[in-house]
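A, B, ... follow the sequence lines: proteins, then strands. Residue 1 opens every chain. For the numbers below, each heavy atom of this structure counts, side chains included, while hydrogens, waters and symmetry mates do not. Because the structure is predicted, anything quoted here is derived from the model rather than measured.
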There are 2 protein chains.
Amino acid sequence: MTDRCEVRCVHPQAVAAAQQTMPSEDVVAGSAEMFRLLGDPGRLRLLLALRGGELCVCDLAAVTGASESSVSHSLRLLRANRAVRSRREGRNMYYALHDGHIEQLLDMMTAHMGEPRDHFSD
Amino acid sequence: MTDRCEVRCVHPQAVAAAQQTMPSEDVVAGSAEMFRLLGDPGRLRLLLALRGGELCVCDLAAVTGASESSVSHSLRLLRANRAVRSRREGRNMYYALHDGHIEQLLDMMTAHMGEPRDHFSD
DNA sequence: CTGATATATGAACATCTATTCAGATATTCA
DNA sequence: TGAATATCTGAATAGATGTTCATATATCAG
C-alpha cells in the first residue's frame, strides 16, 4: 500500500485522516460478513424470531415460512459466524442468538426502519 | 397467512409468540436491504471512511482503493437507501453518512469485531 | 435391531450482484 | 463557445448466493 494515489483531485489530508480511522482489514472483512448474513430476509427473519428465546429448527421453519432444509442451511452459516449458538436436546436442536450484540443490532435496525422518514434529506 | 402449519413437530406457543414479535413485512424487508448494503466490503469501507466527515467521490476512491466508477455506483445504491446523503459543490459531490443510526451500527459492529472471541460458545 | 422423527448435508440450478468499460452529463474556466 | 475535470450511467459479464431435491446422520421408541 503506497501513500501516493493515482488520481489528481484528492483532498490529501481528508484522505489521510480517513485512512487512519479505517479499521483493520480483518475487522472490515468480519463486519461485512456479519452484515451480509443479516442482509438476507430469510436469515434475518430467523434471527428476529430468536429474540424471544431459543427455538428448534422446525419451529423456525414454521415461524418464517421457509423449508426446514433452507432453515438448516441458513442456521449453519449463522452459527459458523457466531450469530447464533445451538444446543441439542434429544432429536431437536435449539438455536438462540449468540450474544447481546446481535440482538442490539437487530433492535437498532428495526427501530430505525420503524421510524417515519424525513423528506428533506438527500 | 393461515394459523395452521404443515409440520407436526412444532412447539405451538413458542411459534405463536415468535410470530407476534416479528416486525412488519416492510420493516423486515427494509432492514434486510440496509444490512445487505452494509454487507459488501467495498460499500462498508465507503461508509467507514465517511465517519470522519464528508468526502468527495475521488477521495473515497483513493481511501478505499476502488475505481471511481465503482464508487459512484455504490454511492448511488447507498443514497437511494438513505445510508448517505450528498451535496454538490462545484464539480465535486460530497457524500456523508445520512444520520447517526448508520454510524451507530458501524461503530457497534466494528467494536464487536474488534473484541477477542470466546472459545466456549457454540 | 427396526421404524420414525428431526436435522444436516451435498450437488445442481436459477438468480442476483459487483465490477468494468465505454460513453454521457454537469460544471468550471479561459 | 470549447476544453478540461468530476461524476454519473447503462450494458455486459464473471462470480457469488439461496433454494430445492435427494440423501445422510442422529436420536428415540418399541
Side-chain angles (χ1 to χ4, degrees), chain A residues 5-11 14-15 28-29 32-47 54-81 83-96 122, chain B residues 5-11 14-15 28-29 32-47 54-81 83-96 122:
Chain A
C5 37
E6 315 295 330
V7 285
R8 302 139 297 277
C9 60
V10 197
H11 306 108
V15 169
V28 172
E33 178 67 3
M34 180 62 78
F35 278 133
R36 193 184 69 80
L37 291 173
L38 303 181
D40 174 70
R43 285 191 297 260
L44 182 59
R45 260 184 272 268
L46 293 177
L47 296 170
E54 65 180 13
L55 292 171
C56 72
V57 175
C58 59
D59 287 345
L60 286 165
V63 173
T64 64
S67 75
E68 296 178 22
S69 176
S70 175
V71 169
S72 184
H73 277 293
S74 294
L75 288 169
R76 187 151 80 120
L77 268 180
L78 292 171
R79 190 159 78 98
N81 289 273
V84 302
R85 56 192 157 77
S86 62
R87 171 179 80 80
R88 179 179 283 281
E89 186 177 313
R91 271 171 283 203
N92 292 320
M93 280 290 250
Y94 287 89
Y95 286 85
D122 201 21
Chain B
C5 38
E6 316 294 330
V7 286
R8 301 139 299 276
C9 60
V10 198
H11 305 107
V15 170
V28 172
E33 178 66 4
M34 181 62 78
F35 277 134
R36 192 183 71 80
L37 290 173
L38 303 181
D40 174 72
R43 285 190 298 257
L44 182 58
R45 260 184 272 268
L46 294 177
L47 296 171
E54 63 179 14
L55 292 171
C56 72
V57 174
C58 60
D59 287 345
L60 285 166
V63 172
T64 64
S67 74
E68 296 179 22
S69 176
S70 175
V71 168
S72 184
H73 277 292
S74 295
L75 288 170
R76 188 151 79 120
L77 268 180
L78 292 171
R79 191 161 78 100
N81 288 273
V84 301
R85 59 192 155 75
S86 61
R87 173 179 79 81
R88 180 179 282 280
E89 186 176 313
R91 272 170 282 205
N92 292 320
M93 280 290 249
Y94 287 91
Y95 286 84
D122 199 22

Could you go over nucleotides 20-22 of chain D and give all protein N or O partners under 3.5 Å, atom names and distances?
from, atom 1, to, atom 2, distance (Å)
D/dT20, OP2, A/Ser67, OG, 3.2
D/dT20, O4, A/His73, NE2, 3.3
D/dC21, N4, A/Ser69, OG, 2.8

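- Between B/Leu46 and B/Ser74, the shortest heavy-atom contact is CD1-CB, 3.6 Å.
- Atom CG in A/Leu55 sits 5.0 Å away from atom CG in A/Leu60 (nearest 0.5 Å).
- A/Val71 and A/Ala66 get closest at one heavy-atom pair: CG2-CB, 3.9 Å.
- Rounding to the nearest 0.5 angstrom, the gap separating the NE2 atom in A/His11 from the SG atom in B/Cys58 is 7.0 Å.
- In this structure, A/Leu60 atom CG and C/dA8 atom C1' are separated by 15 Å, rounded to whole Å.
- Contact check for B/Ser72 versus B/Arg76: no side-chain heavy atoms found under the 4.5 Å cut-off.
- Protein atom NE2 of B/His11 is 9 Å distant from nucleotide atom P of C/dA6, rounded to whole Å.
- Distances shorter than 4.0 Å separate some side-chain N or O of A/Tyr95 from OP1 or OP2 on C/dA8.
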Could you list the protein-to-nucleotides 23-28 of chain C atom pairs, N/O on both sides, closer than 3.5 Å?
none

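- The distance from atom CG of B/Leu78 to atom P of C/dT17 is 14 Å, rounded to the nearest whole Å.
- Note on A/Asn92: every side-chain N or O is 4.0 Å or more away from OP1 and OP2 of D/dT27.
- Put simply, CZ on B/Phe35 is 20 Å from C1' on C/dT17, counting in whole angstrom units.
- To the nearest angstrom, P of D/dA6 lies 16 Å from CZ of B/Arg87.
- Straight-line distance from the CG atom of A/Leu46 to the P atom of D/dG18: 12 Å, rounded to whole Å.
- Applying the salt bridge (charged side-chain N to carboxylate O under 4.0 Å, His left out) rule to pairs touching residues 33-44 of chain A yields A/Glu33-A/Arg36, sequence neighbours excluded.
- Here B/Cys56 contributes atom SG and B/Tyr95 contributes atom OH; the two are 10.5 Å apart, rounded to the nearest 0.5 Å.
- Distance check, rounded to the nearest 0.5 Å: CG of B/Leu47 to CG of B/Leu37 gives 8.5 Å.
- Atom-to-atom distance recorded for A/Met93:CE and A/Arg88:CZ is 5.0 Å, nearest 0.5 angstrom.
- Between the P atom of C/dC21 and the CD atom of B/Glu68 lies a distance of 14 Å, rounded to the nearest Å.
- Contact check of residues 36-45 of chain A against DNA chain C (heavy atom, cut-off under 4.0 Å) returns no residues at all.
- To the nearest 0.5 Å, atom CE of residue B/Met34 and atom CG of residue B/Leu78 are 8.0 Å apart.
- When all heavy atoms are compared, the tightest approach of B/Leu75 to B/Val57 is CD1-CG2, 4.0 Å.
- Rounded to 10 degrees, the angle separating the terminal helix axes of the helix from C/dC1-D/dG30 to C/dA30-D/dT1, each built from five base pairs, is 30°.
- C/dT19 atom P lies 12 Å from atom CG of B/Leu75, rounded to whole Å.
- Among residues two or more places apart in sequence or in another chain, the side-chain contact (heavy atoms from CB on, under 4.5 Å) test is passed with A/Ala80 by none.
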